[in-house]
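I have placed the structure first, in the form of structure tokens, so that the comments after it can refer back to it.
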Amino acid sequence: MSDDQKPQRPKAQPVRGMQDFLGEPAARFEHVAQTFRDVSRRFGFRRVEVPVVEFTHVFARTLGETTDVVSKEMYSFEDRNGESLTLRPEFTAGICRAYISEGWQQFAPLKLVTHGPLFRYERPQKGRYRQFHQIDAEVIGAAEPAADVELIAFADLLLKELGVQGVTLQLNTLGDAETRAAWRDGLVAHFSAHKDVLSEESRKRLETNPLRILDSKEAADRPLVEAAPAIDAYMSAEAGAFFEAVQKGLQASGVAFERQARLVRGFDYYRHTAFEFVSDALGSQATVIGGGRYDGLIEAMGGPHTPAVGWAGGIERLMMLCSEPAAADVEVALVPMGEAAELAANGLLAELRAAGFAAEQGWRGNMKKRMERAAKSGARFAVILGDSELEAGTVALKDMAAGTQRTVARADLLAVLQAAR
RNA sequence: GCGAUCGUAGCUCAAUUGGUUAGAGCGCUGGUUUGUGGUACCAGAGGUUGCGGGUUCAAGUCCCGUCGGUCGCCCCA
């Protein structure tokens with residue numbers, strides 16, 4: 001690998017579409033993840049960990065082998081055995097694979113959350129990176145509409161806790177298998193009858209994925225889409241009752257939503273509930289959290305018939321929308337002067353940290369430098385410790401915001417800080 | 001995969017129709033003050049102008065290529 005013949009070293013640069021975070025963006029990232037963990041705990045969801053890499057067919061099968069999603073947009077490569085592996089482009093397929101592999105049906109119904117990096121081999125652009133991050137929630141093994149309600153209420157509360165403004169929940173149903181099939185046929189008939197007016201892309205979709213014509217961006221398709229039959233005309237009694245139950249449950253939970261009859265999911269293992277939390281602040285990449293019921297997926301992957309529902313949300317997008325977190329990393333900064341004080345500072349730090357304080361000391365520089373660093377760290381208090389304080393068994397406690405300073409007995413410091421908390 | 005656009009200090013940007021030694025602010029380091037930060041003043045470090053080639057007496061500036069960023073198209077699980 002390293003070629004010491006050549007003086008030219010490779011540039012230190014990230015792989016295309018991958019990014020490094022430090023400081024404010026890193027804090028926002030952590031804030032989203034932290035809030036997600038907290039809200040998921042309140043809803044009784046358990047953390048699940050699954051691999052970042054799976055055999056390519058795990059994703060290829062669920063996405064449809066022939067689409068260029070598979071051929072072009074998955075981050076795939078061969079390992080040393082010539083086995084085709086893929087960096088996960090989404091969470092659901094891997095979690096379902098684990099559910100089958102590990103026999104997790106014994107725990108059903110399972111309420112699971114996870115978050116972490118995902119990968120898609122696309123040209124990066126605004127809001128889309130090759131490595132990106134999502135939060136994810138799934139309920140596996142529950143056919144009840146109550147599961148959909150709880151899952152959506154979870155997302156709703158999360159967005160509220162994050163302080164995300166201007167988001168609306170759009171809700172639709174894709175019905176059960178028969179309803180969906182009948183609707184699909186109805187749509188194909190409708191669009192085929194007006195094929196000549198249809199945009200070129202939508203004409204292609206007519207063959208591959210007719211439901212997707214409904215969210216075509218082409219202005220030319222608008223009137224046709226408006227005139228297209230809604231699913232309601234094809235709804236079976238069971239599917240209608242299910243959708244009704246979800247809507248009533250949301251209303252009872254105080255979750256606001258609006259019916260969006262053109263909201264669809266492309267793949268045919270999706271059933272019933274489909275929803276998206278859509279922001280008006282993000283341009284074309286408007287969805288912040290999207291999900292739905294995928295009762296057919298686990299069976300399609302070779303497992304037992306298992307109803308399931310889930311959602312995922314992009315952390316980077318949520319970062320852009322949430323109110324900025326208050327970044328107070330350090331509470332107490334120690335400013336020791338001289339070797340003896342530096343040594344003594346270690347004991348103080350240990351005591352403070354054991355008591356739950358975020359505390360640190362500057363490692364270098366004269367007093368001025370250390371005070372500067374203390375100020376930059378955002379610490380509320382500076383604890384100044386020099387030879388005279390050591391002798392007297394005291395410290396100087398400075399309130400950084402007020403600029404006031406007083407002498408405190410070393411033995412009382414912890415109590416004084418706790419009182420000020 | 002296709003298209004547009006941009007690459008100058010760690011960051012944000014200057015630099016006359018091509019014309020001396022490529023500048024500023026912020027940040028960083030040190031000092032004014034070897035015991036006091038968030039405000040002041042002084043000084044310093046930091047650049048092969050992304051990389052390679054070409055045109056020219058002369059290229060940060062013009063041309064070609066290449067790599068990278070950004071935005072869009074395709075796609076969006």
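Below, each value reflects all heavy atoms present in this structure, side chains not excepted, and no hydrogens, waters or symmetry copies. A note on names: the letters A, B, ... follow the listed sequences, proteins ahead of strands, and every chain is numbered from 1. Model, not experiment: these values are computed from the prediction.
Residues A:M400 and A:Y129 both approach RNA chain B. Their nearest nucleotides, taken by heavy-atom distance, put A:M400 toward the 5′ side. Comparing A:G403 and A:R373 along RNA chain B, the residue whose closest nucleotide (by nearest heavy atom) sits nearer the 5' end is A:R373.
A:K369 contributes no side-chain N or O that forms a donor-acceptor pair with the base of B:G37 under 3.5 Å. A donor-acceptor contact under 3.5 angstrom links the side-chain atoms of A:R128 to the base of B:C75. Contact annotation: side chain of A:Q19 to base of B:G69, donor-acceptor pair absent below 3.5 Å. With hydrogens and angles ignored, no donor-acceptor pair under 3.5 angstrom links the side chain of A:K368 to the base of B:U36.
Applying the 4.0 Å criterion to OP1 and OP2 of B:G30, one finds that A:N366 has every side-chain N and O outside that range. Within the 4.0 Å cut-off from OP1 or OP2 of B:A77, at least one side-chain nitrogen or oxygen of A:R212 is found. Residue A:R16 places at least one side-chain N or O closer than 4.0 Å to OP1 or OP2 of B:G68.
Side chain of A:R123, nearest nucleotide from B:A77, B:U70, B:G37: B:U70. Considering only side-chain atoms of A:Q125, the nucleotide from B:C74, B:G38, B:G27 that sits closest is B:C74.
For A:E138 and A:T92, the side-chain atoms include at least one donor-acceptor pair closer than 3.5 Å.
As judged by a 4.0 angstrom heavy-atom cut-off over every strand, A:S388 is placed among the base-contacting residues. Nucleic acid contact for A:R120: base, since at least one base atom lies under 4.0 Å from a heavy atom of the residue. Contact annotation for A:A401: base contact, defined as any heavy-atom pair under 4.0 Å involving a base atom.
The residue from A:Y121, A:F59, A:F132 that alone fulfils the ring pair (Phe, Tyr, Trp, His ring centres under 6.0 Å) condition with A:Y75 is A:Y121.
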**Request:** Just do the side-chain hydrogen bond (donor to acceptor under 3.5 Å, both in side chains) check on A:Q134 and A:H115 with the steps written out, would you?
**Result:** CA-CA 6 Å; A:Q134 285 189 346; A:H115 65 86; over 6 Å; no

**Request:** Starting from the C-alpha separation in whole Å, work towards a yes-or-no answer on ring pair (Phe, Tyr, Trp, His ring centres under 6.0 Å) for A:W311 and A:F154.
**Result:** CA-CA 10 Å; A:W311 55 252; A:F154 173 8; 5.2 Å; yes

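At a threshold of 4.5 Å between non-hydrogen side-chain atoms, the residues A:F275 and A:L169 count as touching.
Atom CD in A:E372 sits roughly 10 Å away from atom C1' in B:U36 (whole-Å rounding).
When the C1' atom is compared between B:G27 and B:G44, the two are found 14 Å apart, to the nearest whole Å.
Residues A:E372 and A:R370 are not paired through a salt bridge, judged by the lack of any N-O separation under 4.0 Å between the basic side chain and the carboxylate.
Within the 3.5 Å criterion, the main-chain N or O of A:M235 finds no donor-acceptor partner in the side chain of A:W183.
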**Prompt:** What pattern of brackets, bars and dots sums up RNA chain B from 5' to 3', given Watson-Crick or G-U wobble pairs under 3.5 Å, [ ] for crossing pairs and | for another strand?
**Reply:** (((((((..((((.....[...)))).(((((.......))))).....(((((..]....))))))))))))....

